**Student:** 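Just passing along the structure, written as structure tokens.
Predicted model, so just to flag it, every value in this text is computed and none were measured. A note on names: the letters A, B, ... follow the listed sequences, proteins ahead of strands, and every chain is numbered from 1.
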Amino acid sequence: MEHARSGPINIRQRPSRVTDFLSGNKVLGLVSVLIGLGVWELAASQFHEIVLPPPSAVLARFFDPDFLSRLLPSLGNSLFAFAVGFGLALLVAIPLGIVLGRSPLLFKMFDPLISAIYAIPPVAFVPFLIIWFGLFFEGRVALIFMMCVFDILVVIVAGARDVSQKLVDVGRSFGASRTQVLRLVVFPAISPFLIASLRVGSARAINGMITAELFFAAVNLGMLMKRSAQAFDTASAMAVVVTICIVGLLAQSAIHRLEDHVLRWQPRRSS
Amino acid sequence: MTRLRRLSLPLIGFAIFIVIWEIAGQILGNALLAPPSSVAQTYVGLLLEGRMLAELFTSLRQMMIGFLLACFIGMPIGVAMGRSRVSDAMFRPWVSMFVVTSTAALIPVLILLLGTGLALRSSVVFLAAVWYIILTTYNGAKGVSPSLIATARSFSASRFQIFWKIILPSIYPYLITGARIGLVHAIRAMVMAEMFVIVGYGGLINRTGLDVDTAALLSLLLTLMIVSLLANWILFQAGRLLAPWYEQRSS
């Protein structure tokens with residue numbers, strides 16, 4: 001209810017973006033996490049280690065050299081597949097998104113088609129991708145690509161459609177060529193959307209990375225998880241989940257930093 | 001003229017896609033990519049046989065458990081986070097941790113906790129949908145116009161009245177959008193969990209994937225697409241009926 005109490009000063013709408021999620025009241029958040037871990041620790045004492053290991057046991061895995069020597073190389077290999085899939089998706093989706101967004105005709109023709117394909121859960125493509133790309137690296141990259149390409153495309157199309165026609169017209173009337181309009185008007189205008197697409201796309205691609213390792217031939221982090229689960233070493237399996245969570249959070253905060261750097265000139269706006 | 005144009009352009013887009021698919025399918029053969037003509041045949045066959053739809057409805061019914069739980073738990077949390085700074089700070093780290101963690105990664109751990117039955121699938125659906133429902137509701141609750149609330153207070157409205165008459169109507173469209181986004185994630189999670197433990201519709205996809213003929217597989221994907229679009233459309237129409245005053249803001 002702080003809005004009402006602080007009166008007219010707060011009338012200006014505060015930015016309400018997902019990224020602002022990472023910065024906030026840190027102390028209360030820390031307290032909340034500690035309480036949560038405490039409850040988990042207490043709850044775990046009621047169960048067997050296999051069913052619900054305490055957070056301390058999960059944390060201990062990160063100091064176990066034997067586990068680390070399996071975790072770190074796996075993580076590296078996983079991230080490599082992630083980088084290839086995500087990179088390919090960006091290479092395809094950004095130009096395609098700009099073309100679709102800048103041409104009203106193409107947009108009207110293909111937007112419903114894209115939404116229709118986007119509606120299919122990407123995991124359902126797995127058997128199909130296995131037929132096409134096999135069970136290994138190519139298959140995993142294909143799934144990572146499938147999982148993030150449409151999310152990136154949708155954001156870029158929205159961005160390219162958002163470019164003010166006035167700015168484009170001004171550029172044109174000053175004799176800017178097509179490439180100059182693209183480089184000097186369209187690109188700066190869609191840069192917030194580019195960042196947003198990185199944010200959405202990287203989260204989806206990390207999701208695809210681990211999904212692929214579990215659904216295709218189990219390798220890397222996925223195999224580490226499956227092996228740990230089969231050996232009833234729940235704490236190790238959870239340690240892998242925590243690793244993935246940390247990778248995701250690091251990616252988000254890296255993009256947040258990038259955003260602050262690239263979009264210095266732009267006032268924060270609510271989406 | 002304009003209406004005809006508006007309808008004809010997407011149709012041309014679909015037609016181009018189907019023609020390219022047909023040509024590619026004819027060249028590559030059914031084992032690699034079944035052309036639309038043979039998918040259509042197989043699709044009618046699958047519809048008449050009835051197993052596809054039976055599995056689908058069972059799966060969707062079971063999915064609703066996780067999805068409705070996600071709505072009932074996620075929406076109040078989202079509103080609380082948007083309206084109170086303390087609950088915002090308390091829930092925020094959890095939401096941002098879980099929203100970046102893929103649900104797929106949780107499945108092996110959840111299997112150890114819950115086994116491979118309905119409890120597993122429901123909790124996977126719940127965990128996939130709830131964070132997006134919370135985030136959307138949060139954004140809605142946070143954006144409630146402070147001047148409206150100030151006006152209500154100056155007319156001495158009680159806290160309950162402010163909640164009931166101002167906050168709730170303002171966040172209505174966000175609740176529906178949250179449910180829509182949550183449902184998309186719920187359907188994805190349903191298929192993923194079912195493919196993992198090979199039951200229901202997801203299991204059917206997995207088993208069909210082993211066939212040499214991709215026509216049946218593509219038919220299953222087509223049904224999934226229709227279900228997903230239909231569910232989205234129903235919620236959108238429900239939103240228009242229930243909160244017609246905010247249509248443009250909710251999209």
**Student:** Give the minimum heavy-atom separation between B/Leu32 and A/Ile131, together with the two atoms involved.
**Tutor:** CD2-CG2, 4.1 Å
**Student:** Got a sec: does the CH2 of A/Trp132 have more than 12 other heavy atoms crowding it under 6.0 Å?
**Tutor:** yes
**Student:** What's the shortest heavy-atom distance between B/Met192 and A/Thr211, and which atoms?
**Tutor:** SD-CG2, 4.2 Å
**Student:** Quick check for you: among B/Trp94, B/Phe17, B/Tyr201, which has the greatest number of heavy-atom pairs under 4.5 Å with chain A?
**Tutor:**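 Of B/Trp94, B/Phe17, B/Tyr201, B/Trp94 has the most heavy-atom pairs under 4.5 Å with chain A.
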**Student:** Walk me through whether A/Val123 and B/Arg188 qualify under side-chain contact (heavy atoms from CB on, under 4.5 Å).
**Tutor:** CA-CA 7 Å; A/Val123 196; B/Arg188 285 177 181 172; 5.7 Å; no
**Student:** Can you give me the closest heavy-atom contact between B/Ala105 and A/Met225, atom names plus distance?
**Tutor:**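 Minimum heavy-atom separation between B/Ala105 and A/Met225: O-CE, 2.5 Å.
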**Student:** Checking A/Ala237 against chain B: side chain, backbone, both or neither under 4.5 Å from a heavy atom?
**Tutor:**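 Both parts, heavy atoms under 4.5 Å.
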**Student:** So what's closer than 4.5 Å to chain B heavy atoms on A/Lys108: side chain, backbone, both or neither?
**Tutor:** both
**Student:** Taking all non-hydrogen atoms of both residues, which atom of A/Cys245 and which atom of B/Val100 are closest, and how far apart?
**Tutor:**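 Minimum heavy-atom separation between A/Cys245 and B/Val100: O-CG2, 3.8 Å.
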**Student:** Does any pair with a residue in residues 218-228 of chain B pass side chain to side chain donor-acceptor pair (under 3.5 Å), and if so which ones, sequence neighbours excluded?
**Tutor:**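 Passing the test, one end in residues 218-228 of chain B: B/Tyr43-B/Thr223.
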**Student:** Does CZ in A/Phe47 sit with more than 12 non-hydrogen atoms of other residues, nucleotides or ligands closer than 6.0 Å?
**Tutor:**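 Open.
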**Student:** What part of A/Ser202 gets closer than 4.5 Å to chain B, counting heavy atoms only: side chain, backbone, both or neither?
**Tutor:**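 When you check distances to chain B, no heavy atom of A/Ser202 falls under 4.5 Å.
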**Student:** With ring-ring contact (aromatic ring centres under 6.0 Å, His included) as the criterion, how do A/Phe215 and B/Phe196 come out once you've worked through the C-alpha distance, each side chain's angles and the decisive distance to 0.1 Å?
**Tutor:** CA-CA 7 Å; A/Phe215 277 85; B/Phe196 203 86; 5.5 Å; yes
